[in-house]
Amino acid sequence: MQPIQCATCGNRVLVEKFSPSHTSIQWLDDAESACPEFARRAALGEPSKWIPTCAALRDSIERAVADGELPTDEHRREPVPGRLG
């Protein structure tokens, strides 16, 4: 996993990205205290475990991939229905 910093709030997380559809994020701090988006939604009564992502963090991750700062595993392929290997 590689550290990535949110361009909006500065929160740092660990990220692993194997393909366009696969992103694993490990929060280093409590999401509600580290992320303004999570804090806002939690204050409105939404449990943080139900919040799928922060849009600003997602954008920061995608930008890191596009800039070559976050590599993806190019040897891994998405399964194609009806085709083996």
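In this text the structure is predicted, and so the values were computed from the model without any measurement. Heavy-atom basis, side chains included; hydrogens, waters and symmetry copies ignored.
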Undergrad: Suppose we screen for salt bridge (charged side-chain N to carboxylate O under 4.0 Å, His left out). Which residues come up paired with E62, at least two apart in sequence or across chains?
TA: K17
Undergrad: Is there a path of hydrophobic side-chain contacts, each under 4.5 Å between heavy atoms, that joins I51 and L57?
TA: yes
Undergrad: Taking the hydrophobic residues Ile, Leu, Val, Met, Phe, Trp and Tyr, and joining any pair whose side-chain heavy atoms are under 4.5 Å apart, which ones share a cluster with L14?
TA: M1, L28
Undergrad: Do F18 and L70 belong together in a cluster built from hydrophobic side chains that touch within less than 4.5 Å?
TA: no
Undergrad: Hey, can you pull the donor-acceptor pairs under 3.5 Å for the side chains in residues 2-13, sequence neighbours left out?
TA:
{"from": "Q2", "atom 1": "NE2", "to": "E69", "atom 2": "O", "distance (Å)": "2.5"}
{"from": "Q5", "atom 1": "NE2", "to": "G10", "atom 2": "O", "distance (Å)": "3.3"}

Undergrad: Determine which pairs satisfy side-chain hydrogen bond (donor to acceptor under 3.5 Å, both in side chains) with at least one residue from residues 50-60, sequence neighbours left out, and list them in order.
TA: T23-R58
Undergrad: List in chain and number order the residues that pass salt bridge (charged side-chain N to carboxylate O under 4.0 Å, His left out) with E37, two or more places apart in sequence or in another chain; answer none if no residue qualifies.
TA: R40, R41
Undergrad: Do C35 and W27 have side-chain heavy atoms sitting under 4.5 Å apart?
TA: yes
Undergrad: With sequence neighbours excluded, tell me which residues meet side chain to side chain contact (heavy atoms under 4.5 Å, CB included) with D30.
TA: E32, S33
